[in-house]
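The sequence lines fix the lettering, A, B, ..., with proteins before strands; numbering per chain opens at 1.
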Amino acid sequence: MRKGIMRLFVPAPSDFSFLETVSAHGWRRLLPFVWNEDALTLVRTEELSEQLITLTISAADDVVQVETDRDCGEAELAARVSRMLQLDLPLTGFHAYCRTQPELIGIADCRRGRLLRSPTLWEDVVKVIATTNTTWAQTIAMSTRLVKEFGREGRAFPSAAETAAVPFDDFSSKVRMGYRSAYVHGIATRIADGTLDLEGWQTEDLTAETLRKRLLSLPGIGPYGAACLLLYLGKPAHVNSDSVARALLAKEMGQSVTDKDVHAFFKPHSEWQGLVYNFYPWKWNSSPVREGQ
DNA sequence: TTCCAGGGGTAGA
DNA sequence: TCTACCCATGGA
């Protein structure tokens, strides 16, 4: 191995699938994630130990391999990779439930149920806001501008502190997130001044409903955004119904449907309905966003 | 021009 | 709780 190159192996549970996790939704298309379709590796630049480090993540049976271009702390690196791939998410109960439902058995067989997420809740919140009321192409463009304009060396995702340090007019004109700019900059400012501890929410052992109320209190986060984020936080009892869900269900039903119809359709899956929706056969097989189109 | 996209905030009923 | 209207941006 070349000097400075570090390789770390992170144990993964037997019901984990790297490819299924990375492919679960569109996050791998948003900088600073770069998905290498040929090598099947996920590349990402992170700030670790106060230096920029590029991670190349791949996986074999029951283990995730992380190669870095510089030495860094193994514990912190493993923690970030674990969060990104939801390695600590227990899926036994979900897969057991899927095996009781004929149409869901494939979810368990393929080891689906984890979703790629960012190393921080802050980044996930920003990216969820960037998916609302816009096209996927614009979501990609917004994420790209965030990294290029405000990330360290134009390669890492800007921290809340880095974002808050940018004057709002400058931030807004460069990031071109429209009315979402005020939401993102406002959240960044609250994190930076210590009045909002987003990351701390993840270690408080909160109930799903308490967490949902807190997420809904964030500007720019409504029922759809909160359900997305709850899913990333391992709380799958809410369906992140959106225009894609409505269109797909309408196609199945042969008639126009509302959010209420989508929620009614998945309600029987109770505590698992958020995960069931995201991996439901007709959604999985026909999601343009998951395919990155 | 007008519409609308992986919605959300707000006011009024 | 529900509905209507507005919201920046950019592509069709």
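Between the OG atom in A:Ser173 and the CZ atom in A:Phe168 there is a gap of 9.5 Å [rounded to 0.5 Å]. Taken from OG1 in A:Thr56 to CG in A:Asn36, the straight-line distance is 9.0 Å, to the nearest 0.5 Å. Here the CG-CZ distance, from A:Leu87 to A:Phe16, works out to 5.0 Å after rounding to the nearest 0.5 Å.
Residue A:Leu216 is out of contact with every strand shown, counting any heavy-atom pair closer than 4.0 Å. Within 4.0 Å (heavy atoms only), A:Arg246 reaches sugar-phosphate atoms of the nucleic acid but no base atom.
With sequence neighbours excluded, no residue forms a side chain to side chain donor-acceptor pair (under 3.5 Å) with A:Glu50. Residues passing the salt bridge (charged side-chain N to carboxylate O under 4.0 Å, His left out) test with A:Lys213, sequence neighbours excluded: none. Scanning for salt bridge (charged side-chain N to carboxylate O under 4.0 Å, His left out) contacts around A:Glu47 gives A:Arg152, with sequence neighbours left out. For A:Arg114, the side chain to side chain donor-acceptor pair (under 3.5 Å) partners two or more places apart in sequence, or in a different chain, are A:Asp15. For the side chain to side chain donor-acceptor pair (under 3.5 Å) test, residues two or more places apart in sequence or in another chain that qualify with A:Arg214 are A:Glu204. The side chain to side chain donor-acceptor pair (under 3.5 Å) check on A:Asp193 picks up A:Thr195, with sequence neighbours excluded.
Between the CZ atom of A:Arg176 and the P atom of C:dG11 there is a distance of 9 Å, rounded to whole Å. Nucleotide B:dG9 holds its P atom 8 Å from the CD1 atom of A:Ile221, rounded to whole Å. We find that CD1 of A:Ile140 is positioned 14 Å from C1' of C:dG11, with the value rounded to whole Å. Atom CG in A:Asp259 sits roughly 15 Å away from atom C1' in B:dA5 (whole-Å rounding). In this structure, CE of A:Met142 is placed 9 Å from C1' of C:dG10, rounded to the nearest angstrom. Atom OH of A:Tyr224 is separated from atom P of B:dG9 by 14 Å (rounded to the nearest Å).
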Less than 3.5 Å apart, which donor and acceptor atoms pair up between the side chains of residues 257-264 of chain A and the rest of the protein, not counting sequence neighbours?
residue, atom, partner, partner atom, Å
A:Thr258, OG1, A:Lys260, N, 3.3
A:Thr258, OG1, A:Asp261, N, 3.4
A:Thr258, OG1, A:Asp261, OD2, 3.2
A:Asp259, OD1, A:Ser241, OG, 2.6
A:Asp259, OD1, A:Arg246, NH1, 2.8
A:Asp261, OD2, A:Thr258, N, 2.8
A:His263, ND1, A:Asp259, O, 3.0
A:His263, NE2, A:Val239, O, 3.3

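Going from the P atom of B:dA5 to that of B:dT1 covers 22 Å, rounded to whole Å. Here, C:dA8 and B:dA11 have their P atoms 15 Å apart, quoted to the whole Å.
For the ring pair (Phe, Tyr, Trp, His ring centres under 6.0 Å) criterion with A:Tyr277, the lone passing option out of A:Trp272, A:Tyr224, A:Phe266 is A:Phe266. Partner of A:Arg83 under the side-chain hydrogen bond (donor to acceptor under 3.5 Å, both in side chains) criterion, out of A:Asp124, A:Thr120, A:Asp88: A:Asp124 alone.
Less than 4.0 Å separates DNA chain B from no heavy atom of any residue of residues 163-175 of chain A.
Annotation: cation-pi geometry satisfied between A:Arg44 and A:Phe33 (NZ/CZ under 6.0 angstrom from ring centroid, within 45° of ring axis).
Between A:Ser243 and B:dC4, a side-chain N or O to OP1/OP2 separation shorter than 4.0 Å is absent.
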What pairs of nitrogen or oxygen atoms, one from the protein and one from nucleotides 1-8 of chain C, lie under 3.5 Å apart?
residue, atom, partner, partner atom, Å
C:dA8, O4', A:Tyr179, N, 2.9
C:dA8, N6, A:Asn133, ND2, 3.2

At a cut-off of 3.5 Å, list every protein nitrogen or oxygen paired with a nitrogen or oxygen from nucleotides 1-3 of chain B, distance to 0.1 Å.
none

Polar atoms only, N or O, under 3.5 Å: list the protein pairs with nucleotides 10-13 of chain B and their distances.
none

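Residue pairs meeting the ring pair (Phe, Tyr, Trp, His ring centres under 6.0 Å) criterion with at least one partner in residues 35-77 of chain A, sequence neighbours excluded, are absent.
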